[in-house]
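Chain letters run A, B, ... following the sequence lines, proteins first and then strands; every chain starts at 1. We use all heavy atoms of the structure for the numbers below, so side chains are in, but hydrogens, waters and symmetry mates are not. Values in this document were obtained by computation on a predicted structure and should not be read as measured data.
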Amino acid sequence: MCGRYTLFTPPEELETRFDATPTRPLSARYNCAPGQELPVVTNDAPEEFRFLKWGLVPSWADSESVGNDRINARAETVREKRSFADAYEARRCLVPSDGFYEWVDRGGDKQPYRVAFEDDRPFAMAGLWERWTPPTKQTGLGDFGSGGPSREQEPLETFTVVTTEPNDLVSELHHRMAVVLDPDEEETWLHGDPDEAAALLDTYPDDELTAYPVSARVNSPANDGPELIERVEA
DNA sequence: CCAGACGTTGTT
DNA sequence: GTCTGG
DNA sequence: CCAGACGTTGTT
DNA sequence: GTCTGG
């Protein structure tokens, strides 16, 4: 984990909580999924919620698909891994959330659970972001003869969520969980030096957190509505 | 030296 | 089984 | 994370 | 781009 989360806190509350303004409208989300463009607060523009695609694509990747299997980065090794080292040093971000989902394998089927604060207040997950420019395609003589410039390839900005060992509550469900930051740690995660940031990658205590079963409707990323966070019988 | 990988989760 | 899409 | 696709030739 | 493996 974490591979799915919620972000339905009203925009005004999020703007106050993170002291940032959105670059496009924030909508209530009950099923944020990898591959989607989601609001994050990056270190280089902390006054904004910027929409980045979930699934970090390293700058050197030759294909965008490299991001498919980089939706999470292990806290224990994030500084060593080539895919994340640069981003860790220079491009950390906050991933606003108000709960994340975990699936418990029950031999055959899987029961999703939602983990959140008891009062559903928003929090930040530790994230890294990256900017990737698609390789320029060789168009032969086209650029010279045709007069017009070749089509500009827009850089793609992506992010990943850092994971660590779970607390006792979440360990009942899963053996990994997202790094949840204390509000007073957020500034350091964004702007501290790498060693200071590393000290924040620990397991969030389970005080004030709760976990409860939810409908398997959350399984499909196409579903996204308040019914997804309703408690069901496990 | 060059070639090939570069990741996590979960499962066996 | 594995990759892509969301 | 899970769901859904996974392909070509040829025709409209 | 940079590291690991051979």
Side-chain angles (χ1 to χ4, degrees), chain A residues 1-7 27-40 51-91 95 97-116 125-136 155-166 170-180 194 201 203 211-225 227-229 232:
Chain A
M1 271 260 68
C2 136
R4 219 68 82 78
Y5 64 90
T6 61
L7 186 60
S27 60
R29 296 296 312 277
Y30 301 87
N31 202 358
C32 297
Q36 297 176 346
E37 295 190 337
L38 299 163
V40 301
F51 284 75
L52 273 56
K53 188 175 176 181
W54 189 4
L56 187 144
V57 181
S59 62
W60 42 259
D62 36 43
S63 165
E64 184 179 338
S65 67
V66 171
N68 292 350
D69 49 17
R70 285 158 174 79
I71 66 170
N72 293 135
R74 292 176 65 88
E76 298 89 333
T77 55
V78 66
R79 301 181 75 172
E80 308 157 8
K81 296 294 183 181
R82 293 191 282 292
S83 290
F84 304 126
D86 291 348
Y88 180 85
E89 292 292 315
R91 284 173 297 282
V95 182
S97 167
D98 38 42
F100 51 84
Y101 296 105
E102 300 281 3
W103 279 259
V104 175
D105 200 329
R106 300 186 303 184
D109 72 334
K110 291 183 173 181
Q111 174 63 55
Y113 285 76
R114 176 167 177 261
V115 179
M125 300 187 287
L128 309 175
W129 68 280
E130 191 52 274
R131 183 176 285 129
W132 176 75
T133 304
T136 50
L156 176 70
E157 293 183 323
T158 57
F159 73 96
T160 192
V161 174
V162 183
T163 64
T164 189
E165 295 185 340
V170 178
S171 68
E172 297 293 313
L173 311 174
H174 211 69
H175 64 101
R176 301 294 293 173
M177 72 175 256
V179 171
V180 174
L201 296 178
T203 301
Y212 63 93
V214 295
S215 165
R217 282 175 49 77
V218 75
N219 290 9
S220 173
N223 297 327
D224 189 350
E227 71 278 9
L228 299 187
I229 65 166
V232 302

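As rounded to the nearest Å, B/dA3 and C/dG6 have P atoms that lie 36 Å from one another. Straight-line distance between the P atoms of B/dA5 and C/dC3: roughly 13 Å, to the nearest whole Å. Comparing B/dC1 with D/dT9, their C1' atoms are spaced 48 Å from each other, to the whole Å. Remark: the separation of the P atoms in D/dT8 and B/dC2 is 37 Å, to the nearest Å. Atom P of C/dG1 sits at a distance of 41 Å from the matching atom of D/dT12, rounded to the whole Å.
A/Ala85 comes within contact range of no nucleotide atom at all, as no heavy-atom separation falls under 4.0 Å. Across all strands, A/Pro34 comes closer than 4.0 Å to base atoms (heavy-atom distances). Using a 4.0 Å heavy-atom cutoff across all strands shown, A/Asp105 reaches sugar-phosphate atoms only and no base atom. Among the atoms of the strands shown, base atoms are found under 4.0 Å from some heavy atom of A/Ile71. Within 4.0 Å of A/Asn219, counting heavy atoms only, lie sugar-phosphate atoms of the nucleic acid but no base atom.
Within the 3.5 Å criterion, the main-chain N or O of A/Ala33 finds no donor-acceptor partner in the side chain of A/Trp54. Between the side chain of A/Ser59 and the backbone N or O of A/Trp132, no donor-acceptor pair lies under 3.5 Å. Between the side chain of A/Asp224 and the backbone N or O of A/Cys32 there is no donor-acceptor pair closer than 3.5 Å. Between the side chain of A/Arg4 and the backbone N or O of A/Asn219, at least one donor-acceptor pair lies under 3.5 Å. Checking side-chain atoms of A/Arg217 against main-chain N and O of A/Glu227 turns up no donor-acceptor pair under 3.5 Å. A/Asn31 places no side-chain N or O within 3.5 Å of a backbone atom of A/Ala222 that could act as its donor or acceptor partner.
An aromatic stacking contact links A/Trp60 with the base of B/dC6, defined here by ring centres under 5.5 Å apart and ring planes under 30° from parallel.
Rounded to an integer number of Å, the gap from A/Gln36 CD to C/dT4 P is 18 Å. As a whole-Å value, the separation of A/Arg4 CZ from C/dG5 P is 16 Å. Whole-Å rounding puts the A/Glu37 CD to C/dG6 P distance at 12 Å. Following rounding to the nearest Å, A/Leu173 (CG) and D/dC1 (C1') show an atom-to-atom distance of 14 Å. Straight-line distance from the CZ atom of A/Arg217 to the C1' atom of C/dG6: 16 Å, rounded to whole Å. Rounding to whole angstrom units, OH of residue A/Tyr101 and C1' of D/dA3 are separated by 16 Å. Remark: P of B/dG7 and CG of A/Asn68 are 15 Å apart, rounded to the nearest angstrom. In this structure, the CD atom of A/Glu89 is 14 Å from the C1' atom of E/dT2, given to the nearest Å.
Base pairing in DNA chain B gives the following stems of 3 or more Watson-Crick or G-U pairs, range against range and under 3.5 Å: B:1-6 with E:1-6.
With sequence neighbours left out, A/Thr203 forms a side-chain hydrogen bond (donor to acceptor under 3.5 Å, both in side chains) with no residue at all.
Between A/Gly127 and A/Val95, the shortest heavy-atom contact is CA-CG2, 4.1 Å.
Of the residues in residues 74-84 of chain A, those lying under 4.0 Å from DNA chain B by heavy-atom distance are A/Arg74, A/Thr77, A/Lys81, A/Arg82, A/Ser83, A/Phe84.
Residue A/Thr163 has a polar side-chain atom (N or O) positioned under 4.0 Å from OP1 or OP2 of B/dT9.
Taking CD of A/Glu64 as the reference point, atom OG1 of A/Thr158 lies at 9.0 Å (rounded to 0.5 Å).
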Task: Residue pair A/Glu76, A/Arg176: steps toward the salt bridge (Lys or Arg N to Asp or Glu O under 4.0 Å) verdict - done: CA-CA 12 Å; A/Glu76 298 89 333; A/Arg176 301 294 293 173; 2.8 Å; yes

